[in-house]
Amino acid sequence: MKRSYQNPVIPGFYPDPSVCRVGKDYYLAASSFEYFPGVPLFHSRDLVHWRKIGHALTRKSQLDLTFCPPSKGIWAPTLRYHNGTFYMITTVMDYHGICRKFLVHTDDIYGEWSEPVWIDQPGIDPSLLFDDDGKVYLTSNGAPTPADPKGIYQAEIDVKTGKIGPSRFIWGGISGKYPEGPHLYKINGYYYLLIAEGGCQYGHMQTAARSKSPWGPFESCPHNPFLSNRDCDHRNIIQGIGHFDLIDDGEGNYFGVCLGYRISEQYFYHLGRETFLVPMTFDADGWPVALPDGKVTLQMEGEFSMPEDAPVPAEPFSYDKIALDW
C-alpha cells in the first residue's frame, strides 16, 4: 500500500544509520562519536516510527573515551543479523587520530553485548556481508598502506576471532573524493556495492557498482550518483545526503536509510546529521533507483507492505530515571 511519511524519521543527532531486519522487526544503529554510552539502537515495525531501545556499548571495557575530543570516538557502525546473532562492527578514533576496528555481538539486542573483538585493518566505515556459502566479507575503505589507491577494500573475516585475510582493492567510486561508508549486498545473483562519496557536506552523494563476484570487477551504475541532494534548489532544505544502507521488507519492497541535515539561514544546520528514509526500487537493468527522482524531501511516499505502526509516545519525565532519549 502506498502511504506518505515525514522525514527525518529519526530527528536530531543520529548520523551514519545502519539497519537490519529480523522477521517483521527492524533495528537501526547510529554513530555516537565522543558520547557514552556508545552506538544508540532503535526498533521499528514500519521503518517510519522508531523507538530507542538502548545502546550497544555500555561498559568502559567496550568503549573507553578517556581524553576523547569532539568528533572522535565511534564512527559509522554497521548492524547485521545472522543465524540468531546480532553483530555490530565499527571504528573508534582516539585522541591521536588513530582508528581501530572492532565488532561486538549479542543474541538479545535489548540486553548486553559482548566484549570487543579487535580487527587488524586500517581505515574506517567497516561493514559485513554474510554470504550464502558461509563466508563473511569485511568491506571498508581501509587501504593496507598510504601508498595504495584510495577506495574500497575487502577481506574475508572470521567474526569469532576478528582475523582477516588479505585486503583487496575492489572499487574507487566515481569521483575519487572520500569514498567511504561501503555496504555490500547480494541480490538476485549480483553483489551490489553502495558507497558514499564527496564528503559529508554539500557535495555528498551515494553511488553504486555491481559484480557477479564479491571481488569484482565492479561495474559502475550508469546513473550514478543514484541518490544526492547536491543539485537541489533552495526550496529543499535537506542537504548532505549519504552513508546509505539498503533494506528490504521481505515482500519485494526496498528502502534505504541515510544521513542528511536540514539547513537553516545561510546554510547552517544546528541539529546535526539526522536519519532519513528513502523508497527504493531496481530498474529493468537491475540498477538501484531512489524514488521518485534520486532526491530526499521532507514529505515522501513509499510502497509499504507492513501496516503503519503507531507513533511512539514520549517517555514520561521522571527525576529518578534518565530517559533513553537523553
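Just the heavy atoms: all of them, side chains too, but no hydrogens, waters or symmetry mates, feed the values below. Model, not experiment: these values are computed from the prediction.
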(message) If you apply the rule side chain to side chain contact (heavy atoms under 4.5 Å, CB included), what do you find for Leu277 with Trp50, and how did you get there?
(response) CA-CA 12 Å; Leu277 182 69; Trp50 293 90; over 6 Å; no

(request) Apply the test ring-ring contact (aromatic ring centres under 6.0 Å, His included) to residues Tyr190 and Phe218: give CA-CA distance (whole Å), side-chain angles for both, the deciding distance (0.1 Å), then the verdict. (result) CA-CA 10 Å; Tyr190 277 103; Phe218 279 88; over 10 Å; no

(message) Let's go through Tyr254 and Tyr185 carefully: what are the C-alpha distance in whole Å and the side-chain angles of both, what is the deciding distance for ring-ring contact (aromatic ring centres under 6.0 Å, His included) to 0.1 Å, and is it a yes or a no?
(response) CA-CA 13 Å; Tyr254 283 87; Tyr185 313 87; 9.1 Å; no

(message) For a ring-ring contact (aromatic ring centres under 6.0 Å, His included) check, start with the C-alpha distance between Phe244 and Phe226, then their side-chain angles and the critical distance, and finish with the verdict.
(response) CA-CA 11 Å; Phe244 171 100; Phe226 70 86; 5.5 Å; yes

(message) Under the criterion side chain to side chain donor-acceptor pair (under 3.5 Å), I'd like the reasoning laid out for Ser44 against Asp46: C-alpha separation, chi angles, the key distance, then a yes or no.
(response) CA-CA 6 Å; Ser44 176; Asp46 68 354; 3.2 Å; yes

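Interatomic distance, Leu138 CG to Ile119 CD1, rounded to the nearest 0.5 Å: 5.5 Å. With rounding to the nearest 0.5 Å, the separation of NE2 in His43 from CG in Leu28 is 11.5 Å. Of the inter-residue distances, the one linking Ile89 atom CD1 with Leu128 atom CG reads 4.0 Å to the nearest 0.5 angstrom.
For residues 73-94, the set of pairs meeting the salt bridge (Lys or Arg N to Asp or Glu O under 4.0 Å) definition, not counting sequence neighbours, comprises Arg80-Asp245. Sorted by first and then second residue, the pairs that involve residues 107-130 and meet ring-ring contact (aromatic ring centres under 6.0 Å, His included), not counting sequence neighbours, are His82-Phe130, Tyr87-Phe130, Phe102-Trp118.
Crowding of Tyr178 atom OH: a count of heavy atoms from other residues, nucleotides or ligands under 6.0 Å not exceeding 12. Residue Lys186 qualifies as enclosed at atom NZ: its count of foreign heavy atoms under 6.0 Å is above 12. Atom CG of Asp108 sits in a crowded spot, with more than 12 heavy atoms from other residues, nucleotides or ligands closer than 6.0 Å. Lys2 NZ: more than 12 foreign heavy atoms inside a 6.0 Å radius. Other residues, nucleotides and ligands contribute only 12 or fewer heavy atoms inside 6.0 Å of the CG atom of Asn188. Applying the 6.0 Å contact sphere to CZ of Phe169 captures more than 12 heavy atoms from other residues, nucleotides or ligands. No more than 12 heavy atoms of other residues, nucleotides or ligands lie within 6.0 Å of NZ in Lys60, so this atom counts as exposed by the packing criterion.
Grouping the Ile, Leu, Val, Met, Phe, Trp and Tyr side chains by contacts below 4.5 angstrom, directly or via other members, places Val92 with Leu79.
Contact annotation: the side chain of Val117 never approaches that of Lys160 to less than 4.5 Å [non-hydrogen atoms, C-beta and beyond]. Within the 4.5 Å cutoff, the side chain of Leu291 has heavy atoms near those of the Thr281 side chain. At a threshold of 4.5 Å between non-hydrogen side-chain atoms, the residues Ser114 and Val104 count as touching. For the pair Trp75 and Cys99, the minimum side-chain heavy-atom distance is 4.5 Å or more. Side chains of Arg210 and Glu219 form a contact here, defined as non-hydrogen atoms less than 4.5 Å apart. Under the 4.5 Å side-chain criterion, counting only non-hydrogen atoms from C-beta, Gln121 is in contact with Ser167.
Using cut-offs of 30° and 60° for the angle between ring planes, the Phe13 and Phe33 rings count as tilted. Ring geometry, Tyr137 versus Tyr191: the interplanar angle exceeds 60°, so the pair is classed perpendicular (tilted spans 30 to 60°). The aromatic rings of His204 and His243 sit tilted relative to each other, their planes meeting at an angle between 30° and 60°.
Under 3.5 Å, the side chains of Tyr14 and Lys52 contain a donor-acceptor pair of N or O atoms.
The distance between the ring centers of Tyr27 and Tyr81 does not fall below 6.0 angstrom.
A side-chain contact (heavy atoms from CB on, under 4.5 Å) with Tyr5 is found for one member of Glu308, Met300, His49, Glu301 and no other, namely Met300.
Between Pro122 and Ala143 the shortest heavy-atom distance is CG-O, 3.1 Å.
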